[in-house]
Novice: 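Below: one structure in structure tokens.
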Amino acid sequence: MITSLFRNAAIYTPASSQTPLSGDSQGKVDSIARGALLCRNGLIEKIGEEHAVIKDLSLYDVDIEIDCEGCCLIPGFVDPHTHICFAARREREFSQRIAGTPYLDILRAGGGILSSVRAVKEASEEELFQTTLENVLSALSFGTTTIEIKSGYGLDTETELKMLRVIDRIRRETPLDVAITFMGAHAVPHEYKEDPDTFVSILTDEMIPAVAKQGIARFCDVFCEEGVFTLQQSRKILQSAQKHGLKPRIHADEVYDTGGAGLAAELQTVSAEHLLAASERNLKAMAEAKVIANLLPATAYSLRKPYAPARRMIELNVPVALATDCNPGSCFTESMPFVFGLAVMNMNMTVQEALVASTINAAWALEMQHSVGSLEVGKQADFLLLDGDSPAILAYHAGVSPVVSVYKKGVLVA
Ligand SMILES: N=CN[C@@H](CCC(=O)O)C(=O)O
Ligand SMILES: [Zn+2]
């Protein structure tokens, strides 16, 4: 049993709540100007005003004592949407995009996601593990202590199962908590271009049952988008996933409004992703169905698209979470501080709203809110020390990471 005391910290954490924070509560943050946190065996045993935490504490009870020197202490980031398991970067495609070729045109011509599929098929399982590990450790250094990782660069049963094994190895061999999502419905493979319904049948009749049997993935995601999967196909895929015990989530209305947000509400998915082009009517339906909006501002930045209407979502009472979307194509960043800065500066979220969105609401989006996402007694001692005295530093000190130390279950990991 290791006991560590972190004292003299400016602590900021989302307020305790039985539901994701939304509307007026989206920015509900508790702060303690001079706080302390006592961690025993990886869990938070006490947290509060320093004098209250250390009262009655014999120094013999403490193995490690750290003076945080007034630094800001926040929960570790939870990144609820990544495609961080990939074999090769797509720098050439980035140059094409910034020269004006649309993202979906590159995919339609057999590049984009499909070029990542070729790279993953060619890579050995060990090579794929090593590239993923490098990316994930980079995310950890930016303060991500819990991460969601999707498959989706396999698009056939064998390669999808290979990706899921690699992601599971990341879960076992790194300090991070990892939520695992199957995304065989990420693109239509070239050979089914003329007959996408046959590929949908392969997904529902072969791939989803095989993934469920493998037992690694918890969630199933689909790219519902013009020229990718239609609303009807997405519904079929997600209903099949539900039948096999996988929880649905959906890439909805990223480029065009195809009604994906409405489908998320209809199926009561745990979250809907992107939502740059979602209609007002479907956002209202999401609020009603309590679907979390996973917003990915670094993708809007990288695709040079208008940002998702975060303010309107908050007005409508849709709980907002933030994620990197780290992937080799539409958005290559592992940095939650970058995402935080974009949310505050370009989506007009307050610092408090962004803190909630990148911690507890993101944990809700992964159904991990009981163990991570806020600093409460009994939860894991996952937290960050920042080079500043409030979380505003994450937006204020632009282009750098103010994350000085990363603690996972009370242990310094980056
Ligand atoms: N839009 C679909 N999927 C990813 C991009 C994946 C890629 O381009 O490789 C996304 O969420 O942005
Ligand atoms: Zn994505």
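A quick note: this is a predicted structure, and the numbers were derived from the prediction, not measured. As the structure lists them, so they are numbered: ligands from 1, and atoms in each ligand from 1.
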Novice: For D325, what is the atom name of its N, O or S atom nearest to the Zn ion (ligand 2)?
Specialist: OD1
Novice: For the residue pair F340 and F77, categorise the inter-ring angle as parallel (less than 30°), tilted (30 to 60°) or perpendicular (more than 60°).
Specialist: tilted
Novice: So, is H251 placed with an N/O/S atom under 2.8 Å from the Zn ion (ligand 2), counting both backbone and side chain?
Specialist: yes
Novice: Can you pull the residues with any heavy atom under 4.0 Å from ligand 1?
Specialist: H81, H83, R90, Y103, I113, Y153, H186, F223, H251, E254, H274, D325, N327, G329, S330
Novice: Hey, can you tell me if F383 and F6 have their rings parallel, tilted or perpendicular (30° and 60° cut-offs)?
Specialist: perpendicular
Novice: Filter on side chain to side chain donor-acceptor pair (under 3.5 Å), then keep only pairs touching residues 183-194, sequence neighbours left out; what's left?
Specialist: none
Novice: Scan the side chains in residues 272-281 for donor-acceptor partners under 3.5 Å anywhere in the protein, sequence neighbours excluded, and list what turns up.
Specialist:
from: E273; atom 1: OE1; to: H81; atom 2: ND1; distance (Å): 2.7
from: E273; atom 1: OE1; to: N294; atom 2: ND2; distance (Å): 2.8
from: E273; atom 1: OE2; to: S271; atom 2: OG; distance (Å): 2.4
from: E273; atom 1: OE2; to: N294; atom 2: ND2; distance (Å): 3.4
from: H274; atom 1: NE2; to: E254; atom 2: OE1; distance (Å): 3.3
from: S279; atom 1: OG; to: N282; atom 2: N; distance (Å): 3.1
from: S279; atom 1: OG; to: N282; atom 2: ND2; distance (Å): 3.4
from: E280; atom 1: OE1; to: R312; atom 2: NE; distance (Å): 3.1
from: E280; atom 1: OE2; to: R312; atom 2: NE; distance (Å): 3.1
from: E280; atom 1: OE2; to: R312; atom 2: NH2; distance (Å): 2.4

Novice: So, are K150 and E148 salt-bridged, with charged N and O less than 4.0 Å apart?
Specialist: yes
Novice: Looking at residues at least two apart in the chain, or sitting in another chain, which of them share a ring pair (Phe, Tyr, Trp, His ring centres under 6.0 Å) with F142?
Specialist: none
Novice: Under a 4.0 Å N-O cut-off, is there an ion pair linking K121 with E158?
Specialist: no
